[in-house]
Amino acid sequence: MIKPSVLLFALLMSAPAWYRLLLDEVDLIQVLIRFLVAVPIAAVLLAGLRFVLAGYRKAEEEPPGTVMTPEPYDSPEPGKTS
């Protein structure tokens, strides 16, 4: 099923054609064809955007508000290895 965001983006992409329809410069069939071509293009572009932004979501492994407490670190004496 087509998401409403895809249809809205396709409508925005074909907005110049709709404007030219109001000025009676283009036929309705041409405007509808441009809108139908814009729908799969908008779907691919938004899917790519969703894919890129999915990498920036927080990991679901750690619960929200988890506090990390620092642990003391004992540095070795100079010249000695641990």
Cut-off 3.5 Å, no hydrogens considered: what does the side-chain donor-acceptor table look like for residues 3-17, sequence neighbours left out?
| from | atom 1 | to | atom 2 | distance (Å) |
| --- | --- | --- | --- | --- |
| Ser5 | OG | Arg50 | NH2 | 3.0 |
| Ser14 | OG | Ala10 | O | 3.0 |
| Ser14 | OG | Leu11 | O | 3.4 |
| Ser14 | OG | Trp18 | NE1 | 3.2 |

Report the residues that fulfil salt bridge (charged side-chain N to carboxylate O under 4.0 Å, His left out) with Arg20, sequence neighbours left out, ordered by chain and then residue number.
Glu25

Through direct or indirect side-chain contacts below 4.5 angstrom among Ile, Leu, Val, Met, Phe, Trp and Tyr, which residues connect to Leu23?
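Members besides Leu23, by chain and number: Tyr19.
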
Search all heavy atoms of Leu21 against all heavy atoms of Asp27 and return the closest pair with its distance.
CD1-C, 4.0 Å

Hydrophobic clustering (ILVMFWY, side-chain heavy atoms < 4.5 Å, transitive) - are Val44 and Ile2 grouped together?
no

Going by the side-chain hydrogen bond (donor to acceptor under 3.5 Å, both in side chains) test, which pairs reach into residues 28-42, not counting sequence neighbours?
none

Pairwise salt bridge (Lys or Arg N to Asp or Glu O under 4.0 Å) hits with a residue in residues 7-16, at least two apart
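Qualifying pairs, neighbours excluded: none.
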
